[in-house]
Number of protein chains: 2
Amino acid sequence: MPRREPLNRERILDAALVLAGEEGLGGLSMRRLAKALGVEAMALYNHVANKTDILDGIAERVFAEIDRADPDLPWPERLRAMALSTYRVLSRNPVVPMALVTDQANPTSLRAVQPVDDSIGALYEAGFDDDGVRQALGALNSLIFGSLLLTTAGFAREHSNKAEQDQMDVYIRRVDPAKLPHFSRALPALGTGVPEQDFERALDMLLTGLVAAAPGNQLRKGD
Amino acid sequence: MPRREPLNRERILDAALVLAGEEGLGGLSMRRLAKALGVEAMALYNHVANKTDILDGIAERVFAEIDRADPDLPWPERLRAMALSTYRVLSRNPVVPMALVTDQANPTSLRAVQPVDDSIGALYEAGFDDDGVRQALGALNSLIFGSLLLTTAGFAREHSNKAEQDQMDVYIRRVDPAKLPHFSRALPALGTGVPEQDFERALDMLLTGLVAAAPGNQLRKGD
DNA sequence: ACCTGAACACCGTTCAAGT
DNA sequence: ACCTGAACACCGTTCAAGT
């Protein structure tokens with residue numbers, strides 16, 4: 001039977017998001033993606049330039065889901081809302097931070113950059129100069145992406161399979177309380193956190209420091 | 001002429017660190033590594049289990065370079081010193097954070113985990129309970145690894161080649177000040193930062209928030 | 001206009017064979 | 001004990017050929 005529709009960019013991106021969600025960035029190959037679409041790998045190149053183009057497309061879509069914050073909120077609340085929305089959207093699509101950090105995607109559309117523009121606006125409003133804005137923006141982005149990437153990997157992994165879990169258990173039992181007293185004390189708690197809640201606590205701590213460092217703040221350290 | 005030494009794990013790790021430093025994680029393949037050592041790829045498997053074993057070995061070595069902080073320092077200074085040393089060591093070896101985050105390495109040796117133990121000790125000393133320690137440790141690690149990974153990738157990339165730089169210039173010129181006013185205002189400053197200095201500012205902000213959140217602190221928010 | 005088959009230059013890894 | 005060659009199951013991508 002002949003295929004109904006002749007395949008297009010949007011359907012490729014749909015399938016890529018699904019496949020990446022199921023198999024991760026490593027499982028998203030042109031050949032497997034094509035197979036999921038019932039087509040040969042080479043057919044994809046009629047609709048996308050290459051694999052980077054697909055990852056860019058995915059990233060653009062996902063970034064477009066980030067909510068803009070109410071502009072009437074005070075600047076720290078505005079930063080908090082945008083950071084949290086960014087975290088939530090990207091934690092649902094872990095391929096995107098992965099692709100960004102491995103330089104396989106780089107969304108530049110208006111929709112995608114809009115949240116960054118809003119955040120920078122909030123920082124200027126706080127009274128930071130250009131250098132201060134760069135530092136503060138970098139701090140926020142680093143915390144967001146670091147939280148996402150460390151949650152996806154290793155310890156806090158969500159979809160860890162049985163074998164990995166067993167291996168981790170063996171390691172945990174081997175930790176010597178005499179040599180690593182604090183680590184072995186904290187170990188039971190390290191696995192229990194809800195990533196998003198822990199991120200919120202971390203974000204609040206950073207925002208406390210950001211507010212304290214803002215030029216507009218009357219209660220500066222040292223006053 | 002016959003090879004002098006019969007190849008061993010240490011020489012493989014030496015060469016892998018050099019190759020990864022020059023070519024990045026993507027350029028570090030078993031075949032290229034073998035070629036650099038004047039041998040066929042399959043010869044490596046007599047001395048290491050697989051590629052993950054090599055990346056683990058690299059990570060172990062690099063983590064062992066992290067300095068321990070003076071235990072007599074107050075806990076915030078101790079956390080600061082260890083975070084900074086971790087950042088410095090890993091920024092010299094960007095493959096390591098990359099390999100960690102892509103789950104290709106997971107150092108677990110005593111030497112490698114020691115700095116984590118020290119940091120956790122500092123947090124217990126600050127009065128945090130188990131949940132607070134997990135959150136604070138996650139916040140610090142997220143900031144460290146986020147800073148490292150975002151610096152390596154995209155915008156702030158150090159070893160960006162001419163073509164990438166040109167492409168970025170074109171994009172920057174295309175940013176519409178009418179639609180992204182704050183972003184286009186900040187753009188000139190975004191490229192100028194010294195990554196390590198920006199990280200220090202970010203770390204200080206987070207530590208300010210951490211001190212404010214510490215149970216031992218007398219000047220709590222809300223008092 | 002769209003898709004396929006064959007091919008190229010790569011991967012990690014296994015296994016039998018060589019010295 | 002150590003290394004190699006051939007092979008397997010993968011990659012992304014190009015290009016000529018088919019419909």
Side-chain angles (χ1 to χ4, degrees), chain A residues 1-20 22-59 95 98-100 102-106 161 163-164, chain B residues 1-17 19-20 22-59 95 98-106 161 163-164:
Chain A
M1 66 181 189
R3 228 168 336 286
R4 298 171 287 278
E5 315 164 52
L7 194 64
N8 57 52
R9 192 170 205 274
E10 296 313 305
R11 269 184 51 222
I12 292 176
L13 294 184
D14 289 340
L17 264 169
V18 171
L19 184 57
E22 288 166 351
E23 309 280 348
L25 187 53
L28 176 58
S29 76
M30 299 299 276
R31 286 170 150 98
R32 293 182 66 168
L33 178 56
K35 184 168 282 176
L37 286 160
V39 94
E40 295 299 315
M42 307 73 201
L44 301 174
Y45 289 88
N46 287 309
H47 306 94
V48 296
N50 47 38
K51 191 177 176 180
T52 308
D53 188 23
I54 293 178
L55 290 169
D56 262 325
I58 288 179
V95 221
M98 263 319 209
L100 283 205
T102 55
D103 246 330
Q104 300 181 74
N106 187 27
N161 59 39
E164 282 169 339
Chain B
M1 70 180 185
R3 229 171 335 287
R4 298 173 287 278
E5 314 165 54
L7 194 64
N8 58 53
R9 191 168 205 275
E10 296 313 305
R11 270 183 51 222
I12 292 176
L13 294 184
D14 289 340
L17 264 169
L19 184 57
E22 288 166 353
E23 310 281 349
L25 187 52
L28 176 59
S29 76
M30 297 301 274
R31 286 170 150 97
R32 293 182 67 167
L33 178 56
K35 184 168 281 177
L37 286 160
V39 94
E40 294 301 314
M42 307 70 201
L44 301 174
Y45 289 88
N46 288 310
H47 305 95
V48 296
N50 47 37
K51 192 177 176 179
T52 309
D53 187 24
I54 293 178
L55 290 168
D56 262 327
I58 286 178
V95 222
M98 265 316 210
L100 283 204
V101 126
T102 54
D103 247 332
Q104 300 180 74
N106 186 27
N161 59 39
E164 282 170 338

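What you see below is based on every heavy atom in this structure, not just the backbone, and it leaves out hydrogens, waters and symmetry mates. Note on naming: letters A, B, ... go to the chains in the order of the sequence lines (proteins, then strands), and numbering restarts at 1 for each one.
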Can you list the residues that meet the side-chain hydrogen bond (donor to acceptor under 3.5 Å, both in side chains) rule with [X], with sequence neighbours excluded?
X	result
Asp14(A)	Arg61(A)
Asp56(B)	none
Thr102(A)	Gln104(A)

Contiguous pairing runs of three or more, Watson-Crick or G-U under 3.5 Å, that involve DNA chain C
C:4-8 with D:12-16, C:12-16 with D:4-8

Nucleotide nearest [X] (side chain, heavy atoms from C-beta), chosen from [options]:
X	options	answer
Arg32(B)	dC3(C), dT4(D), dC11(C)	dC11(C)
Ala43(A)	dC2(D), dG12(C), dC3(C)	dC3(C)
Val39(A)	dG5(D), dT4(C), dC2(C)	dT4(C)

Look for any protein N or O under 3.5 Å of an N or O in nucleotides 13-19 of chain C and output each such pair with its distance, or none.
residue	atom	partner	partner atom	Å
dT13(C)	OP2	Tyr45(B)	OH	2.8
dT13(C)	OP2	Lys51(B)	N	3.0
dT13(C)	O5'	Tyr45(B)	OH	3.4

What are the two closest non-hydrogen atoms of Met98(A) and Val101(B), and how far apart are they?
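Here Met98(A) and Val101(B) meet closest at CE-O, 3.1 Å.
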
If I compare all heavy atoms of Leu100(A) with all of Ala105(A), which pair ends up nearest, and what's the gap?
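Residues Leu100(A) and Ala105(A), closest heavy atoms: CD2-O, 3.3 Å.
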
Roughly, in whole Å, what's the span from [atom1] in [X] to [atom2] in [N]?
X	N	atom1	atom2	answer
Glu23(A)	dC11(D)	CD	P	11 Å
Lys35(B)	dC11(C)	NZ	C1'	13 Å
Asn8(A)	dA1(C)	CG	P	17 Å
Leu44(A)	dC11(D)	CG	P	13 Å
Ile12(B)	dG12(C)	CD1	P	14 Å

Under 4.0 Å between a side-chain N or O of His47(A) and OP1 or OP2 of dC3(C)?
yes

Salt bridge (charged side-chain N to carboxylate O under 4.0 Å, His left out) partners of Glu23(B), counting only residues at least two apart:
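Testing Glu23(B) for salt bridge (charged side-chain N to carboxylate O under 4.0 Å, His left out), a comparison that skips the adjacent residues, returns Arg32(B).
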
Rounded C1' spacing from dA1(C) to dA17(D) in Å
15 Å

